[in-house]
There are 4 protein chains.
Amino acid sequence: MNIKTANQKQQKQALIANTALKMFAETNFYDISINSIAAASGVAKGTVFNYFKTKENIFMHLLLVGYQDFFTQTISQFNENKITDLNGLKDFLLSNTEDLIDNHLTLIKLNVLRGPILEGKASMEETIQGRKYLYQIHERLATDIHNSFAEISVAMANKIFIVQSSIVSGLINLSDLDSFNQQPINNDLSDFTVSIKDDALTTFDCYLTGLFLKLKES
Amino acid sequence: MNIKTANQKQQKQALIANTALKMFAETNFYDISINSIAAASGVAKGTVFNYFKTKENIFMHLLLVGYQDFFTQTISQFNENKITDLNGLKDFLLSNTEDLIDNHLTLIKLNVLRGPILEGKASMEETIQGRKYLYQIHERLATDIHNSFAEISVAMANKIFIVQSSIVSGLINLSDLDSFNQQPINNDLSDFTVSIKDDALTTFDCYLTGLFLKLKES
Amino acid sequence: MNIKTANQKQQKQALIANTALKMFAETNFYDISINSIAAASGVAKGTVFNYFKTKENIFMHLLLVGYQDFFTQTISQFNENKITDLNGLKDFLLSNTEDLIDNHLTLIKLNVLRGPILEGKASMEETIQGRKYLYQIHERLATDIHNSFAEISVAMANKIFIVQSSIVSGLINLSDLDSFNQQPINNDLSDFTVSIKDDALTTFDCYLTGLFLKLKES
Amino acid sequence: MNIKTANQKQQKQALIANTALKMFAETNFYDISINSIAAASGVAKGTVFNYFKTKENIFMHLLLVGYQDFFTQTISQFNENKITDLNGLKDFLLSNTEDLIDNHLTLIKLNVLRGPILEGKASMEETIQGRKYLYQIHERLATDIHNSFAEISVAMANKIFIVQSSIVSGLINLSDLDSFNQQPINNDLSDFTVSIKDDALTTFDCYLTGLFLKLKES
DNA sequence: GATGAATGAGGATTCATTCAT
DNA sequence: GATGAATGAATCCTCATTCAT
C-alpha cells in the first residue's frame with residue numbers, strides 16, 4: 001500500500017528527528033548536513049524534505065516536542081509527589097534538574113540555536129503553534145505549583161523553570177574551559193573546571209534557597 | 001610608511017576585530033562573512049587575513065581580550081571599593097553584572113561559539129597563551145576577594161564569576177521566547193518574557209543570597 | 001528518471017572526465033578550473049563534485065583508467081600478432097609506441113602530475129585500488145611477452161614499458177625548445193627541435209636494439 | 001653606501017635563486033610561495049620582486065643558468081679526457097649522466113615546468129637571450145664531440161644530450177609507482193620500482209649502444 | 001511517498017604583485 | 001635598494017533545496 005497511515009508518517013518523521021537529535025548531541029549544528037541525517041536515518045535526502053520543509057524545522061521541531069515532553073512528564077511527577085513544603089519543592093526541582101541534565105541535555109543545547117539560527121529559516125506558523133502548545137503545558141505546570149504553594153505566583157513558577165534551563169544552558173557554554181578542542185590544557189586549571197551537573201545543581205540550589213528566603217521575608 | 005610600528009599594527013587589528021564584534025552583536029557567526037567584515041572595516045579581504053589567520057581566530061581573539069579587559073577592570077573596581085562585608089560584596093557583584101550586561105553582552109554571546117565552533121579552527125597556541133593570561137587575571141581577582149573575605153576560598157570566588165557569566169549567557173539563550181524572529185507573538189506571553197538584565201540580576205542576587213547563607217551556616 | 005542506472009552514471013562520469021582530458025591536452029592543470037570543466041561539460045559545478053570528490057581525483061581517474069585501457073589493448077594486439085622473433089617484437093613495440101603518441105599523449109602528460117600534485121589530494125583508497133588493477137594488467141602483458149620470449153624476464157618486460165613511457169614523457173618535457181610560449185624563436189634552432197614522435201621512436205628503437213643485443217650476448 | 005655594485009646585486013640575486021632551487025628540490029612549484037622564498041632567503045617579499053619580475057622568472061633563470069653551468073662543465077671535462085673511441089665516449093656520457101643525477105636533479109625537474117608553466121609568465125626577452133646563450137654552449141659541446149668523432153654529426157651530438165635529459169626527466173615522472181604520497185603500498189611491487197639512477201644509466205647505456213651500432217652499420 | 005541527481009549561490013582562504021615610505 | 005602592508009582576483013569545495021521519475 002502506498003498510502004501511509006498518519007501513524008506510519010509520524011514514525012518516519014520521528015525516526016528522522018531522533019537521528020538528528022542523536023547527531024546534535026555530539027556535533028555542531030553547522031557540521032550536521034541533511035545528507036548525513038538522511039544517511040544515518042537510512043532514508044534518501046529527498047525524504048527528509050518530505051517530512052521537514054527546512055533543516056531548521058527539524059531542530060525547531062525537536063526543541064518544541066522535547067520541551068513539551070519534558071514538562072508534561074514534570075507535571076505528572078509533581079502531581080504524584082504530593083509535596084507540602086518549600087524544602088520538598090526545592091528537592092523536587094533539583095531532582096527534576098538532574099533528570100534534565102542526565103536525559104535531555106541536547107534539548108538545552110538546542111536553545112542556543114533557537115533565536116539566532118533556527119527562527120530565521122524555520123516555519124513561523126508551525127513554530128508558533130508548537131510554542132503556544134508548549135506554553136500551555138508550561139503554564140499548567142506553573143499553575144499546579146501555584147495551587148500547592150499560594151505564595152509562589154504562577155509567573156514566579158514559570159520563571160523558576162526558565163532560570164533552570166538558563167543555568168544549565170549557561171554552564172554548558174562555560175564548560176571545557178580547561179581544555180582546547182577536547183584536548184586538556186596541561187596546567188592545573190581545577191578552578192576553571194566546570195562539572196555541568198554538580199555546578200548546575202549547586203547554583204540552582206543556591207538560587208532557590210535565596211528565592212524562597214526572600215519569599216518568606218516579604 | 002609601509003613599515004608599521006607595533007602600535008599601528010595593533011590599531012588596525014583592533015579596527016577589524018571591533019568591527020567584527022559590532023557585527024556579532026546583531027548577527028549570527030555564520031551570517032558574518034569575511035567579506036562583510038572587510039567591507040565594514042574599510043579594508044580589503046586579504047588585509048583581514050594579514051591580521052587573523054582564520055575567521056575563527058578573530059572571534060577567539062575578541063573573546064579572550066574582551067574577558068581580559070573586563071576582569072582587569074573588575075579588579076581595579078574591587079580594590080578601589082574597600083568592601084568590608086558580604087552585603088557590600090553582593091552589591092559590588094551585582095553592579096559588576098549590570099556593567100557586564102550593559103557594556104559587554106557580546107562577550108557573553110561569544111562563549112557559545114567557543115567550544116563547538118571556534119576551537120575547531122582557531123590557532124591552538126595563541127588561544128592557550130591568551131587563555132593562560134586570562135586565567136591569571138581571573139585568579140588574581142579571586143585572590144583579592146579571598147584576601148578580603150577569608151571565608152570565601154579562591155576556588156569559590158572563581159566559581160562565582162563563572163556562574164555570573166553562565167546566568168547571563170543562559171538567559172540570553174532563553175530570551176525572546178515571546179517573539180519569533182524579532183516579531184512579537186500576539187498572545188499575552190508576559191510569563192515567558194525574559195528581560196536579560198532584570199532576570200539576570202534577580203537570579204544572580206538569589207544565587208549569591210543562598211550561597212552566602214550557606215557560607216555562614218557552615 | 002532520477003535514479004540513474006550504474007551505466008548512466010558511468011556515462012556522465014566519463015563525460016566529465018573526458019572533457020577534463022581534452023582540456024588537459026591544451027592547458028596546464030592549474031589553469032583548468034572546476035568551473036571551466038563544468039561549463040565545458042555542460043553541467044553545474046556541483047555535479048562535477050557529485051562524480052569526483054576532488055579536482056585531483058578527476059585526473060587520477062583519467063590516468064589510471066587511461067593506462068588500464070591502453071595496456072589492455074596492447075595485450076590484445078600482442079596476442080593477435082603471433083610474434084616469433086625479437087625483431088618482430090621490436091617492431092611491435094615501436095608501433096605500439098606510435099599508437100601511444102598518436103592517441104594517448106595526454107595520458108603521458110598526466111604522469112607528471114601524479115606524484116607531486118595528484119597524490120596529495122586524490123583519494124588514497126580509490127587510487128591504490130585502481131593502481132593494483134593496473135599493475136595486474138601490466139603484469140599480464142609482461143607475462144605474455146615472457147611466455148613468447150623466454151629470454152625476456154617478466155621484470156624486464158615490465159621495465160620496457162616503463163622506459164617507453166619515460167622516453168615519451170621526457171621528450172614532451174624537452175619539446176618546444178625552439179619556441180617561447182608557442183611563438184617560434186627566429187634563430188635557426190633545428191638542432192634543438194624535438195619531434196616527439198620521431199625522436200621517441202628513434203630513441204626507443206636504439207634502446208631496444210641495445211637491450212636485445214646485451215640479451216643475446218649474455 | 002646605498003648603491004650596490006653589480007657584484008653585490010648578483011650575489012643577492014643568486015641567494016634568492018638558490019634558496020628557491022633548494023625548495024624546489026623538495027616541493028612542488030605551486031606549493032612554493034614568494035613569501036616562503038623571501039622568508040627562507042632572509043629578505044623581504046618586495047626584495048624578491050626587485051630581483052625577479054615574476055615568480056616564473058626565478059625558476060626560468062634557474063633552469064637557464066643551471067644548464068649553462070652544467071654544459072660548460074661538461075665541455076671542460078670532455079676536453080680534459082682526450083677520449084679516442086666510442087666506448088670511451090659512452091663511458092664519458094654515462095659518467096656525465098651520473099653527475100647530472102647526483103648533483104643537478106632539480107635542473108631536470110625544472111624542465112617539466114618550462115613549457116606549460118614558466119613560459120606563460122616569464123619575461124620573453126630575458127628568456128630568449130638566456131636560451132640563445134645556452135644553445136651556443138650546447139652547440140660548442142656538440143662541435144667538440146664532432147671534432148673528435150667525425151661519424152657523430154653536430155646535430156646527433158646535440159640530440160644525445162637532449163635524450164639524456166629526456167630519459168632522466170621521464171624516469172622521474174615514472175618513479176614512486178610503488179608508493180602513494182610517499183607511503184609505500186604494501187603489495188610486492190618490485191617490478192614497478194624505479195631507481196632513477198640505475199634505470200636512467202641502464203636505459204641511456206642501451207640507447208647509446210644501439211645508436212653507436214647503427215652508426216657503425218651505416 | 002521515495003528517491004537521489006542536479007543545481008549554483010556562497011564562503012573561506014591563498015598568493016602574486018604593487019607601491020608608499 | 002629594502003621593506004612589508006594592502007590588495008582583490010581566483011579557486012576549490014559545501015550543502016540546502018528542487019524536482020523529474
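Chain identifiers are assigned alphabetically (A, B, ...) following the order of the sequence lines, protein sequences preceding nucleic acid strands; residue numbering begins at 1 within each chain. Values reported hereafter were calculated over all heavy atoms of this structure, with side chains retained and with hydrogens, waters and symmetry mates removed.
- Summary of the strand contacts: Lys45(A) and Val43(B) both lie near DNA chain F, and taking for each the nucleotide with the nearest heavy atom, the more 5' one is attributed to Val43(B).
- The six-membered or imidazole ring of Phe59(B) lies near that of Phe24(B), with a centre-to-centre distance under 6.0 Å.
- By the 4.0 Å N-to-carboxylate-O rule, Glu119(D) lies close enough to Arg131(D) to be salt-bridged with it.
- To the nearest 0.5 Å, atom CE of residue Met23(B) and atom OG of residue Ser33(B) are 6.5 Å apart.
- Taking atom CD on Gln10(A) and atom P on dG1(E), their separation rounds to 13 Å, with Å as the unit.
- One distance of note links OG1 of Thr54(D) with NZ of Lys121(D); it measures 8.0 Å at 0.5 Å rounding.
- Set against dA16(E), dT3(E), dT3(F), the side chain of Phe49(D) has dA16(E) as its closest nucleotide.
- Distance CD (Gln8(B)) to P (dT21(E)): 11 Å, rounded to an integer number of Å.
- In this structure, the side chains of Phe49(B) and Ile34(B) come closer than 4.5 Å at one or more pairs of heavy atoms.
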Trace of the side chain to side chain donor-acceptor pair (under 3.5 Å) decision for Asn111(A) with Tyr67(A): CA-CA 10 Å; Asn111(A) 268 322; Tyr67(A) 262 117; 2.8 Å; yes
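- DNA chain E lies under 4.0 Å from at least one heavy atom of each of the following residues of residues 17-41 of chain B: Ile32(B), Ser33(B), Ile34(B).
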Pair Ile117(B)-Val112(B), side chain to side chain contact (heavy atoms under 4.5 Å, CB included): steps then yes or no: CA-CA 8 Å; Ile117(B) 296 179; Val112(B) 173; over 6 Å; no
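- Here NZ of Lys22(C) is found 13.0 Å from OG1 of Thr27(C). Values are rounded to the nearest 0.5 Å.
- Applying the 4.0 Å criterion to OP1 and OP2 of dA5(F), one finds that Thr47(B) has every side-chain N and O outside that range.
- DNA chain E lies under 4.0 Å from at least one heavy atom of each of the following residues of residues 50-58 of chain B: Thr54(B), Lys55(B).
- The CD1-P distance, from Ile117(D) to dA16(E), rounds to 13 Å in whole Å.
- Rounded to whole Å, the distance from CD1 on Ile16(C) to C1' on dC13(F) is 15 Å.
- Nucleotides of DNA chain E nearest to Gly46(B) and Gly46(A) differ in position, and the one nearer the 5' end is that of Gly46(A).
- Helical stems involving DNA chain E, defined as 3 or more consecutive Watson-Crick or G-U pairs under 3.5 Å, span E:2-21 with F:2-21.
- Along DNA chain F, the nucleotide closest to Lys12(B) and the one closest to Lys121(C) are compared, and the more 5′ of them pairs with Lys12(B).
- Once rounded to the nearest 0.5 Å, the distance linking CG of Asn18(C) with CD of Gln13(C) reads 10.0 Å.
- For the pair Lys109(B) and Phe29(B), the NZ or CZ position fails the cation-pi test of under 6.0 Å to the six-membered ring centre and within 45 degrees of the ring normal.
- One finds the CG atom of Asn57(D) at 5.5 Å from the CD atom of Glu126(D) (value rounded to the nearest 0.5 Å).
- Taking atom CG of Leu15(A) as the reference point, atom C1' of dG1(E) lies 15 Å away to the nearest angstrom.
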